[in-house]
Amino acid sequence: MEVIILIIFIVSLVIGCGIGFFVRMKIIEKRISHSKTKAKKILDEAKKEAKSIIKEAKIQQKDELYRSRSEFDKETKERRTELYNLEKRLIQKEENLDKKINLLDYKENSITKREKLLNNLKKELEEKGKKYDALIEEGRFKLERIAGITSEEAKKQLMQAMEEEAKHDCAKIIKRIEDESKLNSDKVSKNIIALAIQRYSADYVADKTVSLVNLPNDEMKGRIIGREGRNIRAIEAATGVDLIIDDTPEAVLLSAFDPIRREIARISLEKLINDGRIHPARIEEIVDRSKEEIEKHIKEIGEQATFDIGVHQIHPELVKLIGKLKYRTSFDQNVLRHSLEVAFIVEVLASEININSKQAKRAGLLHDIGKAVDHEVEGSHAILGADLARKYNEDPEIIHAIKAHHDEEKPETILAILIQAADALSAARPGARREMLETYIKHLEDLEEIANSFSGVNKSYAVQAGREIRIIVESKEVSDEEAVILSRDVAKKIENTLSYPGQVKVTVIRETRAVEFAK
């Protein structure tokens with residue numbers, strides 16, 4: 001029984017598998033048929049699209065061909081037009097050339113006729129010239145026979161007479177021009193100097209060699225002095241300035257030869273008074289800080305001065321030295337103000353006579369630059385200034401003007417003479433220098449008295465505000481060699497006897513005159 005059931009199951013399974021396989025094959029055949037139909041449809045659509053693309057390409061090709069043909073026709077037409085116009089112009093030029101050739105032929109024929117006519121005239125003139133030469137030679141021979149001199153001698157005498165007359169006329173003209181030039185030059189120079197002075201007007205402030213520091217009370221004097229004077233000694237040692245504490249109420253005097261040191265001491269002392277802490281360590285700290293401030297301030301002053309006057313590209317070290325001039329005085333005149341004034345005046349003078357005003361202004365600003373270091377280095381401030389200008393690559397003309405502005409070197413340029421004039425104008429203006437008249441006259445008298453004390457001196461003159469003494473000696477008593485020795489002796493006695501700023505130039509003049517009378 002179980003075997004039968006198993007067989008039936010296997011038979012049923014086989015039949016089911018066969019039916020399933022048959023159904024699956026039918027489905028696959030149906031899908032294949034559907035795919036073929038779809039593929040055929042896609043192929044037909046692709047063929048239609050390809051035909052459409054080919055058709056559009058043919059149409060575009062035809063359009064492109066038509067457009068190219070139109071452009072070619074248009075270009076060809078333009079070229080033909082250009083060729084036609086060119087041919088037309090060539091024909092016109094050819095016609096013009098033919099006309100010119102005909103005209104040249106006509107002119108050539110005309111010139112040929114004129115040449116023949118000129119040759120004939122030339123022959124006639126040569127024949128007449130020979131006749132005239134013969135007549136002139138005959139007349140010359142008759143004149144020489146009548147006058148008794150030859151034509152060469154007569155020509156020589158005539159030329160000498162004309163030359164003497166021309167020299168006489170030239171002398172008159174030169175004399176007249178010299179007289180007019182002297183009159184005009186005096187007038188023009190006075191006008192230029194007056195204009196330069198009028199265009200510059202500045203206030204003058206007298207600087208002193210002593211600074212005054214005000215105190216809040218007299219008790220502060222004791223604190224400044226300190227126990228057993230240690231504070232005042234520390235201040236004097238740190239600043240190099242003498243503190244004068246006397247009976248003047250609520251004030252301390254600072255005295256120093258160097259104005260920058262005096263200014264550092266003044267600022268330091270004011271800071272110590274305001275701070276209230278006065279002891280040696282604090283003093284050194286404040287003095288160092290004040291030195292830095294002064295150095296910075298000096299640089300700013302120099303930069304401001306060069307900016308105000310319009311002088312640029314100056315070496316930084318020279319700018320610092322210009323700033324130092326603010327703390328330098330000469331006969332109570334502030335040297336920085338004096339330098340700025342000289343720069344302005346010399347600029348006006350230079351512009352009036354048409355020379356380089358910028359260079360003149362630069363030389364005016366730097367002319368007293370040596371005074372910034374003459375406390376530290378021995379020598380004339382003019383020579384020191386020239387050395388500084390040469391060191392920092394200033395123009396040779398400016399160097400010469402600086403060196404020559406007090407006649408340490410003979411002025412050889414217009415700029416040097418202008419600097420001398422501007423320097424003298426600035427120093428001589430009323431109020432510029434506050435030197436007592438009695439002291440000034442006494443200084444000149446002392447110079448002349450020293451010079452007159454030597455044997456063989458005839459006269460002596462103190463000139464240039466006491467910067468030079470000129471000595472005239474008797475030529476019979478003093479020889480040339482003795483004159484050199486005399487100048488050295490006078491200079492040595494002035495150095496040992498008098499006190500004066502800068503230097504004094506000693507000039508000994510010896511001359512020999514030969515006089516005779518015609519009777």
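The figures that follow rest on heavy atoms only: side chains count, while hydrogens, waters and symmetry mates do not. For reference, positions follow the sequence shown, starting with 1. All values reported here derive from a predicted model rather than from experimental measurement.
When all heavy atoms of R362 and Q313 are compared, the closest pair comes out as NH2-O, 2.9 Å. The two atoms that bring A382 and H405 nearest to each other are CB-CE1, 3.6 Å, heavy atoms only. Nearest heavy atoms, L318 versus I369: O-CD1, 4.0 Å. Across all their heavy atoms, I322 and G302 have their closest contact at CG2-CA, 4.2 Å. Residues L444 and A462 approach most closely at CD2-CB, 3.7 Å, considering heavy atoms. When all heavy atoms are compared, the tightest approach of L365 to A343 is N-CB, 3.7 Å.
Annotation: H367 is in aromatic contact with H338 [ring centroid separation under 6.0 Å].
Here the straight-line distance linking atom OG of S479 with atom CD1 of I485 works out to 7.5 Å at 0.5 Å rounding. Of the inter-residue distances, the one linking I419 atom CD1 with H406 atom NE2 reads 11.5 Å to the nearest 0.5 angstrom. To the nearest 0.5 Å, atom CZ of residue R328 and atom NE2 of residue H381 are 8.5 Å apart. Once rounded to the nearest 0.5 Å, the distance linking OG of S351 with NZ of K361 reads 10.0 Å.
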Using residues 101-122 as the side-chain source, report each donor-acceptor pair under 3.5 Å to any protein atom, sequence neighbours left out, with the distance given to one decimal.
unit_1 : atom_1 : unit_2 : atom_2 : d
N102   : ND2    : D98    : O      : 3.1
N109   : ND2    : D105   : O      : 3.1
T112   : OG1    : E108   : O      : 2.7
N119   : ND2    : E115   : O      : 3.1
N120   : ND2    : K116   : O      : 3.1

Hey, can you pull the donor-acceptor pairs under 3.5 Å for the side chains in residues 397-404, sequence neighbours left out?
unit_1 : atom_1 : unit_2 : atom_2 : d
H400   : ND1    : E409   : OE1    : 2.5
H400   : NE2    : E412   : N      : 2.9

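At a cut-off of 3.5 Å, with distance as the only test, a side-chain donor of S460 or N452 sits close to an acceptor on the other residue. E468 and T507 share a donor-acceptor pair across their side chains, judged by distance under 3.5 Å alone.
Around atom CD of E449, no more than 12 heavy atoms belonging to other residues, nucleotides or ligands sit under 6.0 Å away. No more than 12 heavy atoms of other residues, nucleotides or ligands shown are found within 6.0 angstrom of CZ on R488. The neighbour count for I383 CD1, taken as heavy atoms of other residues, nucleotides or ligands under 6.0 Å away, is above 12. Enclosure of atom CD in E126 by more than 12 non-hydrogen atoms of other residues, nucleotides or ligands within 6.0 angstrom is indicated. No more than 12 heavy atoms of other residues, nucleotides or ligands shown are found within 6.0 angstrom of CD on E49.
Side-chain atoms of I314 and Y392, non-hydrogen and from C-beta on, never get closer than 4.5 Å to each other. Proximity of K77 to D73: side-chain heavy atoms (C-beta onward) are nowhere separated by under 4.5 Å. E317 has its side chain out of reach of L321: every pair of non-hydrogen atoms, C-beta onward, lies at least 4.5 Å apart. Between H297 and K326 the shortest side-chain heavy-atom distance falls below 4.5 Å. Taking 4.5 Å as the limit, every side-chain heavy atom of D480 sits out of range of all side-chain heavy atoms of V484. Side-chain contact check for I59 versus K55: some heavy-atom pair is nearer than 4.5 Å. Considering only heavy atoms from C-beta on, Y327 stays 4.5 Å or farther from V335 through its side chain. Between I294 and E263 there is a side-chain heavy-atom pair separated by less than 4.5 Å.
Using a 4.0 Å cut-off between charged side-chain N and carboxylate O, E292 and K296 make no salt bridge. Ionic pairing of E295 and K320 is not present here: no N-O contact between side-chain nitrogen and carboxylate oxygen is shorter than 4.0 angstrom.
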Next on the checklist: Using side-chain contact (heavy atoms from CB on, under 4.5 Å), reason through K324 and V373 one step at a time and then give a plain yes or no.
Outcome noted: CA-CA 9 Å; K324 279 188 176 182; V373 297; 5.6 Å; no
Checklist entry - For Q61 and L65, what are the C-alpha separation, side-chain angles and deciding distance, and is it a side-chain contact (heavy atoms from CB on, under 4.5 Å)? => result CA-CA 6 Å; Q61 186 178 6; L65 183 61; 5.6 Å; no
Item to check | Residues K371, D368; criterion side-chain contact (heavy atoms from CB on, under 4.5 Å); working and verdict | outcome: CA-CA 6 Å; K371 288 185 178 181; D368 269 348; 3.6 Å; yes
Checklist entry - Under the side-chain contact (heavy atoms from CB on, under 4.5 Å) criterion, do L325 and N334 qualify, and how do the steps go? => result CA-CA 8 Å; L325 294 179; N334 185 277; over 6 Å; no
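For the pairing with V490, the side-chain contact (heavy atoms from CB on, under 4.5 Å) check across V504, I471, V508 returns one residue only, I471.
In terms of modelled atom types and a separation under 3.5 Å, the side chain of R470 and the main chain of Y461 share no donor-acceptor contact. At least one donor-acceptor pair closer than 3.5 Å links the side chain of N496 to the backbone N or O of K492.
By the 6.0 Å and 45° rule, K493 stacks over the aromatic ring of F454.
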